[in-house]
Amino acid sequence: MTFPFPVPVKALPTMARVRVTFPRPTIPDVPGEVRRGLEGLGLADLRGRRIAVTAGSRGIRDIVAVLATVTAWIRERGGTPVLVAAMGSHGGGTEEGQRRLLAHLRITPESSGGPILTSMDTVELGRTAGGLVAYCDRNAAACEGILVVNRVKPHTAFAQPFGSGLLKMIAVGLGKAPAAAQIHRQGPADMGAAIAAIAAVVIGTGKILGGLAIIENAYDETARIVPVRPEEMAAAEGRLFSEATSLMPALPIQVLDVLIVDEIGKNYSGTGMDVNVIGRWRMPGLPEPARPAIQRIVALRLSAESEGNAQGVGLADVVTRRLAAAIDPVATYVNTLVSTYVQRAFVPVTMPTDRDAIEAALASLNLADPAAARVMRIPNTLHLDECEVSASILPELPPSARAIDDATPMAFSDDGRLL
């Protein structure tokens, strides 16, 4: 042990690998389903028209195949596709930062089949009855139509009949930093209504040709691709949201002393760790959910795909020195200040190594026997089909989860990294 804890943790829990089974609807032919969806939109003649296609900042498994098929389909019909970065203030709120973030997600001109525009300039398309501005990326607004492509899933900053999907991409993603700042100023209680109202203004301009809603299963696979016509978006999002929520992964055990998260990052969730998975919102005025109930969360690494953006690091209680060293303050603080939820960017207790971080979490609980603690380890909050649980909670596994090996001691490298 390299850190001098006042009360040493004499033994760590033994851990067993567990495989969790979730419902798994999948699409065998993603490009084919995209083409069927586009045909279902019933678009008018695209010849000679420049069409903007949205490209967001989330790690969507088949997004490259989806975007490449969309751009090819537009070209086949005589149109000229351009991809427009639609991610609010992500990527440090800069043109180059958003371009780098898309490249980390493998979205490039070569892979997607079209030029990528990442300008942060916006124009005003109108205002809601309440005075909210409908911002839109200047390049997208100059096109003869916009196709909205996004995944639908629960959001990490508000709980509404819809979450992160087509409406949010229109109202926030396309509106860049000004739109993101405006939306977050509304607070979690009013954010959903504001998004719906702004999206309605943009749709009312006639610039939105339609949308492709992607729904993923708990294995991060494409379960459905749903075409949505502009006039149907508001009603459709609620149905799609319910379906996406039913397919989300969840921790097999909901009451824990310590949750170890190997890696956090924007490619897993907008908040680094999905608040719906860990049961922590840490937002003023919003009560925490009763389940999951986790006393301590330990985060070990920040993903390279996050480009240093550690938004959500404050959802953890203990982190490692290597995670803290990977944080880019500019990228993190721009995203955090726009969101207004500054607590989510507070850097937690920082320990030299993985082992120190885990022992610190256990030591802070003053447990009679840390070796018997209720501990779970997950790779991230997006991939939960395999995890590790301590021997003490193995008997509580639900029928959907089963141990695939015996419980053994945690193994560390010579420099204290969890193996």
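Because only heavy atoms are used, hydrogens play no part in the values below, and waters and symmetry mates are left out as well, while side chains stay in.
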Where the side chain of Asp62 meets the backbone of Ala65, is there a donor-acceptor pair that is under 3.5 Å apart?
-> no
Compute whether any side-chain donor of one residue and acceptor of the other, for Ser364 and Arg296, lie under 3.5 angstrom apart.
-> yes
Separation between CG (Asp356) and OG1 (Thr320), nearest 0.5 Å, reads 10.0 Å
Electrostatic pair Asp354:Arg322 at N-O distance under 4.0 angstrom | yes
Side chain proximity check, Asp257 to Ser390, heavy atoms < 4.5 angstrom = no
Side chains of Arg229 and Leu41: does their closest heavy-atom pair fall under 4.5 Å?
-> yes
Side chains of Pro348 and Val318: does their closest heavy-atom pair fall under 4.5 Å?
-> no
For Thr332 and Ala310, indicate whether the former's side chain and the latter's backbone hold a donor-acceptor pair under 3.5 Å.
-> yes
Under 4.0 Å between a Lys/Arg side-chain N and an Asp/Glu carboxylate O for Glu243 and Arg224?
-> yes
Taking 4.0 angstrom as the limit, do Glu216 and Arg151 come out as a salt bridge?
-> yes
In plain terms, say whether Glu33 and Arg36 are close enough for a salt bridge, that is, a side-chain N and a carboxylate O under 4.0 Å apart.
-> yes
Could you give the distance from CD1 (Ile278) to CD1 (Ile264), rounded to the nearest 0.5 Å?
-> 9.5 Å
Any Leu384 side-chain heavy atom under 4.5 Å of Val20 side chain = no
Exercise: identify the closest heavy-atom pair between Pro23 and Asn217 | O-CB, 4.1 Å
Leu240 side chain reached by Val228 side chain, heavy atoms, under 4.5 Å = yes
Given side chains that start at C-beta, do those of Leu419 and Ser413 come closer than 4.5 Å, heavy atoms only?
-> yes
When rounded to the nearest 0.5 angstrom, what distance separates CG in Asp137 from OG1 in Thr122?
-> 8.0 Å
To the nearest 0.5 Å, atom CG of Leu132 lies from atom CZ of Arg185 at 9.0 Å
Between the CD1 atom in Ile107 and the CG atom in Leu101, the distance rounded to the nearest 0.5 Å is 8.5 Å
Among Val34, Ile63, Val152, Val30, find the one that has a side chain to side chain contact (heavy atoms under 4.5 Å, CB included) with Ile214.
-> Ile63
Polar side-chain atom of Thr350 near backbone of Arg321 as donor-acceptor pair, under 3.5 Å | no
Would you check if the side chain of Thr128 reaches a backbone N or O of Ile198 as a donor-acceptor pair within less than 3.5 Å?
-> no
Do other residues, nucleotides or ligands put more than 12 heavy atoms under 6.0 Å from the OH atom of Tyr333?
-> no
Just by modelled atom types, is the Pro31 backbone N or O under 3.5 Å from a matching donor or acceptor in the Thr69 side chain?
-> no
Does atom CG of Asp29 have more than 12 heavy-atom neighbours from other groups under 6.0 Å away?
-> yes
Side chain of Lys207, backbone of Ala141: donor and acceptor closer than 3.5 Å?
-> yes
Test Leu212 against Leu147 for side chain to side chain contact (heavy atoms under 4.5 Å, CB included), laying out the working first.
-> CA-CA 8 Å; Leu212 288 180; Leu147 272 172; 6.0 Å; no
Indicate yes or no for a side-chain donor-acceptor contact from Glu307 to the backbone of Arg100 under 3.5 Å, with no hydrogens or angles considered.
-> no
Using a 4.5 Å cut-off on heavy atoms from C-beta on, say whether the side chain of Met248 contacts that of Asp274.
-> yes
If every non-hydrogen atom of Arg61 is compared with every non-hydrogen atom of Tyr219, which pair is closest and at what distance?
-> NH1-O, 3.6 Å
Salt-bridge present (Glu388, Arg17; N to O < 4.0 Å) = no
Are the side chain of Glu288 and the backbone N or O of Arg282 linked by a donor-acceptor pair below 3.5 Å?
-> yes
Glu396 vs Val255, side chain to side chain contact (heavy atoms under 4.5 Å, CB included): CA-CA, chis, key distance, verdict | CA-CA 10 Å; Glu396 300 177 27; Val255 179; over 6 Å; no
Main-chain N/O of Leu166 paired with Asn150 side-chain donor or acceptor, under 3.5 Å | no
Sidechain-backbone polar pair: Gln254 side chain, Ala293 backbone, donor-acceptor under 3.5 Å = no
Rounded distance (nearest 0.5 Å) linking atom CZ of Arg344 with atom CH2 of Trp281 | 7.0 Å
For Glu263 and Ser303, does a side-chain donor sit closer than 3.5 Å to a side-chain acceptor?
-> no
Which is it for Leu12 and Phe412 under the side chain to side chain contact (heavy atoms under 4.5 Å, CB included) test, yes or no, and what are the steps along the way?
-> CA-CA 12 Å; Leu12 295 173; Phe412 297 88; 3.7 Å; yes
Could you walk me through whether Leu251 and Val277 pass the side chain to side chain contact (heavy atoms under 4.5 Å, CB included) test, one step at a time?
-> CA-CA 7 Å; Leu251 301 177; Val277 170; 4.1 Å; yes
So do Leu315 and Val275 actually touch side chain to side chain, heavy atoms under 4.5 Å?
-> yes
Pick one: which of Ile378, Val261, Leu382, Val313 meets side chain to side chain contact (heavy atoms under 4.5 Å, CB included) with Met273?
-> Val261
Thinking salt bridges, do Arg24 and Asp385 make one under a 4.0 Å N-O criterion?
-> no
